[in-house]
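None of the values given here were measured: they were computed from a predicted structure.
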Protein chains: 2
Amino acid sequence: MPQSGAGEGELAQKIKLSTIADALGVSTATVSLALRDSPLVAGLTRERIKEHARAIGYIYNRRAASLRTSRSGIVGVVVHDIMNPFFAEILRSIESELDRSRQTFILSNHYDQLEKQRTFIDTLLQLGADGVIMSPAIGTPPEDIVMAEENGLPAVLIARTVEGAEVPVFRGDDAYGTGLATNHLISLGHRRISMIGGTDQTSTGRDRFQGYMTAMENAGLEVKPHWRIPGPRTKQAGFEAASQFLALKDRPTAACCWNDLVAIGLMNGIARAGLVPGVDISVTGYDDLEEAAIATPALTTVWNGQREVGRRAASALLDKLNGQSVRPSQELIRPELHVRQSTGKPRERV
Amino acid sequence: MPQSGAGEGELAQKIKLSTIADALGVSTATVSLALRDSPLVAGLTRERIKEHARAIGYIYNRRAASLRTSRSGIVGVVVHDIMNPFFAEILRSIESELDRSRQTFILSNHYDQLEKQRTFIDTLLQLGADGVIMSPAIGTPPEDIVMAEENGLPAVLIARTVEGAEVPVFRGDDAYGTGLATNHLISLGHRRISMIGGTDQTSTGRDRFQGYMTAMENAGLEVKPHWRIPGPRTKQAGFEAASQFLALKDRPTAACCWNDLVAIGLMNGIARAGLVPGVDISVTGYDDLEEAAIATPALTTVWNGQREVGRRAASALLDKLNGQSVRPSQELIRPELHVRQSTGKPRERV
DNA sequence: CTGAAAGCGCTTACAG
DNA sequence: CTGAAAGCGCTTACAG
């Protein structure tokens, strides 16, 4: 309802605690307590106050309250890019977890630009945010996180680690995960396997590459450096990498991709070139996005536990806010291989 | 930098304006003015103050400021679902537009639940947000928007209209857009065309269906009711609709889809059934997501101006905040047909 | 060009 | 169970 006494289109007199107090002949302290269901206020008084507040359309001023209590009810979330469905799935589970504690969340993309990330942390500090969940931008120095914590903004990391920052980290076991995918391809009979996408500049990138290398070495397979095509992390880039991949000397029979987006883009590119992904070339993804199951062919990929990551990160942060001590530790979610139709035996004899 | 004088891991004494004022022997008024680059303060004084503030790691308290000024620097954005790339693209352009005015934005999904949307608007009111950009949930009564505006929260709508709400609306000309797609199919020789996805409960849904119907009627083509498969709006749902579509009596030779997601899902389903989209069945999408161009086959679709929608909506809201009068009007972005490989002549003689 | 003082709208000890 | 008063950290007239 609009505020009582509002004239034609004009803003009414602002309704505040004292408006209610005056109308009911009680003090603002009593109103404040009543609205927050304090047992200190008599049941009848409380009901009268709450009913009146509702009737005249009172709006609680959180800025004023938070200035006094120094709790704002705001949590910041900053990731590389929300357009990436991997993060979008994480965000959804963060959202539903925070919702239950009536925390509002502010979202930002840093696009791996340190400056954008710093501006956002600064904004959170100025707003008096209660905490931040972040997938740190490439090159984030531990000091940035220490600074936030020292100024009363507890942090929890997702997806990527920052060496030297003593905060909880929730992410998948990336080395183990790409190991699963690579071993799956090897067990199908593939001997020449490409690794497509990703970067050495993030912990995730290094771990995933490591998992692939280790699996190849353990199987006694040679890895030619040019079989690795670093960089792509999007569908578009995967699509564009297809021609480069197909033109490779000693062309591999399979590609272990950085993530599902790259894998799907690559498959599209392979199909565009007249080859059949899953038959002519085997492809694995990473993340198991909702979309992986309906790709053509359905994508063999590694489930990365994004729902879990989001849920646990949010709940760890809430624990921190509520004063419970949360150990700075690496929580590794164990990935699982989901085999579908994009992988098969190599076509040619090896 | 951490605050000066911080002990081992302990939170330092909070640094505020008066800390700086005391240290420099000036008043808080002068410090406040200086930090905001007021010309009222002598250049030298200003520099001394700003330098000192930086040195001791002063953090501006926006809650306190906004309590005083009643401007919070916060803008709310609420959409159906940020995981939908259509909205994700809009959000990006909103973000870059707001960034330039140093406004922070708070994001929320309402998943077409009125209750979630109301909770969010309430939160914005409590935080004293400066405005809201929304794609209204199905069934949003105009009163909800009027209430927000009367309480000092100006609103701008995107993508969907709410009858009776006197606020600016930015969206594509949906009827015209599906008309483009349908006419394209007709001109290729298709006579039986299906409409897949969408709902009559939103203005967008009604408009898109209307555009399809009008085009069919103008071409003197019959439309069998069961050729319409309402509902799907996601890739998954489009995928699942494929079998229903393929089993249709008098099966249409083409499908005009609600959006790109449905179209891509449908094409995947068609391919899974052993038919070739673009050859056996023509498919059109809507939105022209980045992904449309790299789908297999590349998707013929209607560009919906999402970048434009986001940019203009944000800039209209900023104008409103700055006191410029913004007419409540429908801004229809004119869609464009982008022809690619998912459409062709009908295979069978008609 | 600078300072003293009031006030934004809450909550929290402290009395009673 | 309820009230009077101080204070959170800013900004804004108002004086000088």
Side-chain angles (χ1 to χ4, degrees), chain A residues 3 11-50 52-53 56-74 125-130 151-152, chain B residues 3 11-50 52-53 56-74 125-130 151-152:
Chain A
Q3 305 195 337
L11 240 62
Q13 186 66 29
K14 198 87 189 171
I15 296 175
K16 43 193 178 182
L17 277 194
S18 63
T19 316
I20 302 176
D22 292 350
L24 265 40
V26 297
S27 73
T28 59
T30 302
V31 177
S32 171
L33 259 13
L35 290 180
R36 281 173 297 143
D37 284 322
S38 162
L40 285 176
V41 178
L44 190 67
T45 317
R46 194 194 320 152
E47 286 320 311
R48 260 177 66 220
I49 291 174
K50 294 181 79 169
H52 186 71
I56 65 174
Y58 168 70
I59 292 170
Y60 178 69
N61 188 326
R62 267 162 73 161
R63 289 168 293 175
S66 107
L67 183 58
R68 184 60 225 257
T69 63
S70 58
R71 274 285 292 255
S72 64
I74 292 175
L125 289 169
Q126 295 184 3
L127 290 172
D130 297 332
N151 284 294
Chain B
Q3 306 195 335
L11 242 62
Q13 186 65 30
K14 198 86 188 169
I15 296 175
K16 43 192 177 180
L17 277 193
S18 64
T19 316
I20 301 175
D22 291 352
L24 264 40
V26 295
S27 73
T28 58
T30 302
V31 176
S32 171
L33 260 11
L35 291 180
R36 281 173 298 144
D37 284 323
S38 162
L40 285 176
V41 178
L44 190 66
T45 317
R46 192 192 324 150
E47 285 320 310
R48 258 177 68 220
I49 291 174
K50 294 181 79 167
H52 186 71
I56 66 175
Y58 168 69
I59 291 170
Y60 179 67
N61 187 325
R62 267 161 72 160
R63 289 168 294 176
S66 107
L67 183 57
R68 183 63 226 255
T69 62
S70 59
R71 274 285 295 253
S72 63
I74 293 176
L125 288 169
Q126 295 183 3
L127 290 172
D130 297 333
N151 284 294

Q) Among the nucleotides C:dT12, C:dG9, D:dG9, which one has an atom lying closest to any side-chain atom of B:Asn61? A) D:dG9
Protein N or O to nucleotides 3-6 of chain D N or O, pairs below 3.5 Å:
residue : atom : partner : partner atom : Å
D:dG3   : OP2  : A:Ser27 : N            : 2.8
D:dG3   : OP2  : A:Ser27 : OG           : 3.2
D:dG3   : OP2  : A:Thr30 : OG1          : 2.8

Q) Looking at CG of B:Leu24 and OG of B:Ser27, how far apart are the two atoms once the value is rounded to the nearest 0.5 Å? A) 11.0 Å
Any N/O pairs under 3.5 Å between the protein and nucleotides 14-16 of chain D? List them or say none.
none

Q.
Rounding to an integer number of Å, can you tell me how far B:Ile15 CD1 sits from D:dC10 C1'?
A. 16 Å
**Q.** Atom of A:Leu35, atom of A:Ala53 and distance for their closest heavy-atom approach
**A.** CD2-CB, 4.0 Å
Q: Output the distance between atom CG (A:Leu125) and atom CZ (B:Arg62), rounded to the nearest 0.5 Å.
A: 11.0 Å
Q) Do any pairs count as a salt bridge (Lys or Arg N to Asp or Glu O under 4.0 Å) and have a residue in residues 18-44 of chain B, sequence neighbours left out, and if so which ones? A) B:Asp37-B:Lys50
Q) What pair of heavy atoms forms the shortest contact from B:Ser72 to B:Asp130, and how long is it? A) N-OD1, 3.0 Å
(Q) So, OP1 or OP2 of C:dT11: does either fall under 4.0 Å of a side-chain N or O from A:Tyr60? (A) yes
Q) For the pair made of CG in A:Leu24 and P in D:dT2, what is the distance, rounded to whole Å? A) 12 Å
Q | Gap between atoms CG and C1', on A:Leu44 and D:dT2 respectively (whole Å) | A | 14 Å
Q: Measure from CG on B:Asp22 to C1' on C:dT2 and round the result to the nearest Å.
A: 15 Å
Q: Find the distance B:Arg71:CZ to D:dG9:P and express it as a whole number of Å.
A: 24 Å
Q.
Looking at C:dG9, I'd like to know if its phosphate oxygens (OP1 or OP2) sit under 4.0 Å from a side-chain N or O belonging to A:Tyr58.
A. no
**Q.** Nearest atoms (heavy-atom pairs only) where A:Ala21 meets A:Thr28
**A.** CB-N, 3.8 Å
(Q) Donor-acceptor check, side chain of B:Thr69 to backbone of B:Ala65, threshold 3.5 angstrom: yes or no? (A) yes
**Q.** Atom-to-atom span, NZ of B:Lys16 to C1' of D:dC10 - whole angstrom
**A.** 11 Å
Q) How many angstroms lie between OG1 in B:Thr45 and CG in B:Leu40, if you round to the nearest 0.5 Å? A) 11.5 Å
Q | C:dC1 OP1/OP2 closer than 4.0 Å to side-chain N/O of B:Thr45 | A | no
Q) Under a 4.0 Å heavy-atom cut-off, which of residues 34-42 of chain A touch DNA chain C? A) A:Arg36
Q: Go through C:dT11, C:dG9, D:dC10 for me and flag the one nearest to the A:Ser32 side chain.
A: C:dT11
Q: Quick one: the dot-bracket string of DNA chain C, using Watson-Crick and G-U wobble pairs with both distances under 3.5 Å, [ ] for crossing pairs and | for bases paired to another strand.
A: |||.||||||||.|||
Q) Are side-chain heavy atoms of A:Ile15 and A:Ile59 found at a separation under 4.5 Å? A) no
Q) Tell me: CG of A:Leu67 to C1' of C:dT11, nearest whole Å? A) 10 Å
Q.
Could you tell me how far apart B:Ile59 (CD1) and D:dC8 (P) are, to the nearest whole angstrom?
A. 18 Å
Q: Kindly write out the residues that satisfy side chain to side chain contact (heavy atoms under 4.5 Å, CB included) with B:Leu67, not counting sequence neighbours, or none if the list is empty.
A: A:Asn61, A:Ala64, A:Leu67
Q: State the OG-CZ distance between A:Ser70 and B:Arg63, to the nearest 0.5 angstrom.
A: 6.5 Å
Q. Considering only heavy atoms from C-beta outward, does the side chain of B:Ile20 approach that of B:Tyr58 to under 4.5 Å?
A. yes
